[in-house]
Structure formats: C-alpha cells, structure tokens
Trainee: 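After the structure tokens below, expect a handful of questions from me.
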Amino acid sequence: MPRPLRVLHLEDDAADGELVKATLVREGIVCDILRVEGLASFTAAIHEGQVDIILADFSLPGFDGLSALDIARVQCPDVPFIFVTGKMGEELAIEALKSGATDYVLKDKLSRLVLAVRRALAEVKERSELREAEQEIRASHKRLRDLFTHLETVREDERERIARELHDELGQILTALKMDLAWLGDKCRDRRELFEKTRTMTEIVDTTIQSVKRILMELRPAILDHLGLSASIEWQAHDFQKRTGITCELLIDPPNIVIDGGRTMTLFRIFQEALTNVVRHAEATRVTVRLEKTDEEIVLIIADDGKGITNEQLSKPRSFGILGVSERVRFWGGNVAVEGTGGSGTMMRVALPLGAEE
C-alpha cells in the first residue's frame, strides 16, 4: 500500500486548511497534511525534509507566499510548490510562476486543486526518471571512457613488449645473419657468382634491418622516452616527408617542450594518426604542423592542403579515427576541433590542459 502524500500547507486560516484537506481526501488522495502559519514553523518543517508537496496561501500576517517560495526553492528545489490563495491577479500569477511556483489555484475554484497536485507530482516523477536516466548515461559514458583508457594502456604496453622482443630477438638474429653473410662472402671472393649472391643477400638483410628499425620506431619510439615530445614530433615529421614525398613544415614553440609522459604519448599518437589520415584520404602535397605550449595548455595543430573533409564525413558513426582522437583528448579534459571543406584542406586542433607541475 502506498504511503500517504506528505503535504506542507502554509495557511493561517484553519477553516481554509480543513477545506483544502477535505478536497484532497474527497478525490481519493491519501495524505498527511501539516498546516503551518508563519515563517518559523514553515522553515522548521522544510528543514525536516519530509515533504512531497507544498501548498501556500499568498498573503499571511508578517509573511508572504513569495518569500516562502524563495525559501523552498533553496531548501527543497525538487518539491512542487502550489499557491492556494483567495486572490491573485494575472501579474502576480505570472511573477509567481516565473519565480518557480508549479501552479496556482484560487480558493473559490478548489476543484482544480486535485488536478494541479496530480500534475505536479507527475512532473516530479518525470524529472526524477529523467535524472536517473541521465545519471545512467553519464555512468555508462564513464565506463566506456574507462574501458577506452584501459585498452589504450594495454595497447601501449603491448606495443612496448613487441618492440622490445623485436629489438632483442629479431635484431640479434639479423645482425648475426649479416655477420655470417659477410664471412661467407669473404670466403668466396674468387667465385664471382657466389660472392654476388652473398652481397645481394646482405643488401636484403640491411633493408630488413632498416624496416625493423622503422617498425620499432612506430611501435615505441625510443626517442619519445629519451628526448621527449619535441624531438619525437620532429623525427616523425621528417620520416613522414621522407617516406611519402609530402612536404611537412613544422613549428615548435618553445623549441624544447617538456611535459609528462602521458600527455606526450597522447599527442604523439594523435600526430601519427593525423599523418596516416593525410596519406590515406587527403591527397595533399603539404602538411603544416604547429606545436605550442603556454602556461595553461599545449596545442597541436595539423593542417593539410588536400581535398578536405565534409561535415557528413565527420559525423559518420564509423569515423573511428576521429572518435579515437576525441577519446584520447577527453581523458585529459582537453578539446579537439576538426575543420575542412571540399578542396580547401583539413585542419585539426588539439588542446590539452596542463597540470600545475608542467
């Protein structure tokens, strides 16, 4: 069985209080009504917190309904507040509703009271359900962000592990193979065909070693750990230009930017992702990169002169590259903006706030 509706009734006339109570009961509303007459008793009842709805006269001796409404909006903003009064002109009614009153009912038209009460309670229920849904959505988003962060950490750890194994295992094997080929070539210098074959094989091994080094740098650049963000961005830009033939102009201010490892890795991976997108989609001939640090934030801007990106492409649900960048940035409380129009190139601006220690 549902509990009675807890009603706080600010009313100095006992007869009017009984009439309001009778109206509610007659319409089937089971309620416990606490009638108070002044500021002290009204405030005390509010502080107790056991109120589902407030009914209030507009004019009382030494107190008024608007003052009561102000108190209620501060102390219990989610509790519906309905004026039940003998007189209320249109201007006062509008003022009351603008101030936060849920409704008003004239005492000579108490037939409206039950409808007003039920509507007010329904609105409270809807707002409560909406808040719960919003809280669940926020909690769900947080869980997804936490999962994304965990997966990013796992991926970086796995990249580091693979890079270390490639360096220790494959690097040693290739070095040993190159030494054996050098020995073999030295032994068969008088047999031209075999000597040329060993020389060709040595060149293949050298190419493989360079490929392994490139893969190692992409997986986990040692320069990132030892020399920091500025040097890593410079290396990546130079390597990008060398591999693709796309001009890459770079401005870093100040020249040697030092920030924490987490933000360094985030910006470096975003830079790699942006350059990959330029190669895959932009059809660009030039990329301009700016890396700037202030006391409050660090900003990375990547712009190309390619075919541009449309709003439709940006809003695609499967734009995972952009979504990934957004999640990386959101983790640090930063922001990312991508702009582009057909034929005018694309610009991405990433800003990460800096902590007090940076």
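The figures here come from the full heavy-atom set of this structure, side chains too, leaving out hydrogens, waters and symmetry mates. Predicted model only: the values in this text are computed from it and were never measured.
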Trainee: Taking the hydrophobic residues Ile, Leu, Val, Met, Phe, Trp and Tyr, and joining any pair whose side-chain heavy atoms are under 4.5 Å apart, which ones share a cluster with Ile204?
Mentor: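 Its cluster partners, ordered by chain and number, are none at all.
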
Trainee: Does any non-hydrogen side-chain atom of Asn335 lie less than 4.5 Å from one of Arg349?
Mentor: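 With C-beta onward as the side chain, the pair touches.
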
Trainee: My understanding is that a hydrophobic cluster links ILVMFWY residues whose side chain heavy atoms are under 4.5 Å apart, including indirect links. Using that, what else belongs to the cluster containing Met347?
Mentor: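 Direct or chained contacts put Met347 with Val299, Ile301.
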
Trainee: Report all side-chain donor-acceptor pairs from residues 228-235 shorter than 3.5 Å, counting only partners two or more places apart or in another chain.
Mentor:
from: Ser230; atom 1: OG; to: Pro255; atom 2: O; distance (Å): 3.2
from: Ser230; atom 1: OG; to: Ile257; atom 2: N; distance (Å): 2.8
from: Ser232; atom 1: OG; to: Leu224; atom 2: N; distance (Å): 3.3
from: Ser232; atom 1: OG; to: Gly228; atom 2: O; distance (Å): 2.7

Trainee: Each residue besides Leu24 in its hydrophobic cluster should be listed here, by chain and number; the cluster joins Ile, Leu, Val, Met, Phe, Trp and Tyr at side-chain heavy-atom distances under 4.5 Å.
Mentor: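 Members besides Leu24, by chain and number: Leu5, Val7, Leu19, Val20, Ile29, Ile33, Ile53, Leu55, Ile82, Val84, Val105, Leu110, Leu113, Val114, Val117, Leu121.
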
Trainee: Does Met179 share a hydrophobic cluster with Phe195, counting links as ILVMFWY side-chain heavy atoms below 4.5 Å and allowing steps through other members?
Mentor: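 Unlinked, Met179 and Phe195 end up in two clusters.
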
Trainee: Could you point out which residue of Gln241, His238, Lys242 forms a side-chain contact (heavy atoms from CB on, under 4.5 Å) with Cys248?
Mentor: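 Result for side-chain contact (heavy atoms from CB on, under 4.5 Å) with Cys248: Gln241.
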
Trainee: Does the side-chain hydrogen bond (donor to acceptor under 3.5 Å, both in side chains) test come out yes or no for Gln272 and Arg269, once each step is laid out?
Mentor: CA-CA 5 Å; Gln272 282 186 316; Arg269 292 305 185 198; 2.6 Å; yes

Trainee: Whether the side chain of Lys125 engages the backbone of Ala120 through a donor-acceptor N/O pair (distance < 3.5 Å, no angle test) should be reported.
Mentor: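 Checked: no pair found.
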
Trainee: Applying ring pair (Phe, Tyr, Trp, His ring centres under 6.0 Å), name anything that partners Phe63, two or more places apart in sequence or on another chain.
Mentor: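 Residues passing ring pair (Phe, Tyr, Trp, His ring centres under 6.0 Å) with Phe63: none at all.
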
Trainee: Taking only residues two or more places apart in sequence or in another chain, which ones pass side chain to side chain donor-acceptor pair (under 3.5 Å) with Arg127?
Mentor: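 By the side chain to side chain donor-acceptor pair (under 3.5 Å) rule, Arg127 matches no residue at all.
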
Trainee: Under a single-linkage rule joining Ile, Leu, Val, Met, Phe, Trp and Tyr whose side-chain heavy atoms are separated by less than 4.5 Å, which residues share a cluster with Leu194?
Mentor: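 Members other than Leu194 - counting any ILVMFWY side chain reachable under 4.5 Å - there are none.
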
Trainee: Would you say that Val51 contacts Arg6 through its side chain, given a criterion of any heavy-atom pair below 4.5 Å between the two side chains?
Mentor: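 Not touching, per the 4.5 Å side-chain cut-off.
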
Trainee: Does anything in residues 55-79 form a salt bridge (Lys or Arg N to Asp or Glu O under 4.0 Å)? List the pairs, not counting sequence neighbours.
Mentor: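 Every pair satisfying salt bridge (Lys or Arg N to Asp or Glu O under 4.0 Å) with a residue in residues 55-79: Asp57-Lys107, Asp78-Arg131.
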
Trainee: Report the residues that fulfil ring pair (Phe, Tyr, Trp, His ring centres under 6.0 Å) with Phe81, sequence neighbours left out, ordered by chain and then residue number.
Mentor: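 Residues passing ring pair (Phe, Tyr, Trp, His ring centres under 6.0 Å) with Phe81: Phe83.
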
Trainee: Give a yes or no on whether a salt bridge exists between Glu95 and Lys98, defined as a side-chain N under 4.0 angstrom from a carboxylate O.
Mentor: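 Looking at Lys98 together with Glu95, the answer is no, because their closest N to O distance does not fall below 4.0 Å.
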
Trainee: Within a 6.0 Å radius of atom CD on Glu134, are there more than 12 heavy atoms belonging to other residues, nucleotides or ligands?
Mentor: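 Correct, the count exceeds 12.
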
Trainee: Give me each pair satisfying salt bridge (Lys or Arg N to Asp or Glu O under 4.0 Å) with a member in residues 24-40, each pair once, sequence neighbours excluded.
Mentor: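 Found Arg35-Glu37.
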
Trainee: Using the rule that two of Ile, Leu, Val, Met, Phe, Trp, Tyr join whenever any of their side-chain heavy atoms come within less than 4.5 Å, decide whether Val279 and Phe268 are in one cluster.
Mentor: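 Looking at the clustering, Phe268 is in the same group as Val279.
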
Trainee: Could you tell me which residues satisfy side chain to side chain donor-acceptor pair (under 3.5 Å) with Glu203, sequence neighbours excluded, listed by chain and number?
Mentor: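 For Glu203 the side chain to side chain donor-acceptor pair (under 3.5 Å) partners, ignoring immediate neighbours, are Arg199.
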
Trainee: Among residues at least two apart in sequence or on other chains, which ones pass side chain to side chain donor-acceptor pair (under 3.5 Å) with Asp206?
Mentor: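 Partners of Asp206 under the side chain to side chain donor-acceptor pair (under 3.5 Å) test: Lys178.
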
Trainee: Does Arg290 use its side chain to pair, donor to acceptor, with the backbone of Asp253 at less than 3.5 Å?
Mentor: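 Checking the backbone N and O of Asp253 against the side chain of Arg290, no donor-acceptor pair under 3.5 Å is found.
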
Trainee: Would you say Val336 and Ile259 are hydrophobically clustered, going by side-chain heavy atoms of ILVMFWY under 4.5 Å?
Mentor: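 Linked within one cluster.
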
Trainee: Answer with yes or no whether the hydrophobic clustering places Leu291 together with Leu354; edges join I, L, V, M, F, W, Y residues whose side-chain heavy atoms lie under 4.5 Å apart.
Mentor: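 Yes, because Leu291 and Leu354 connect within a single hydrophobic cluster, where side-chain heavy atoms sit under 4.5 Å apart.
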
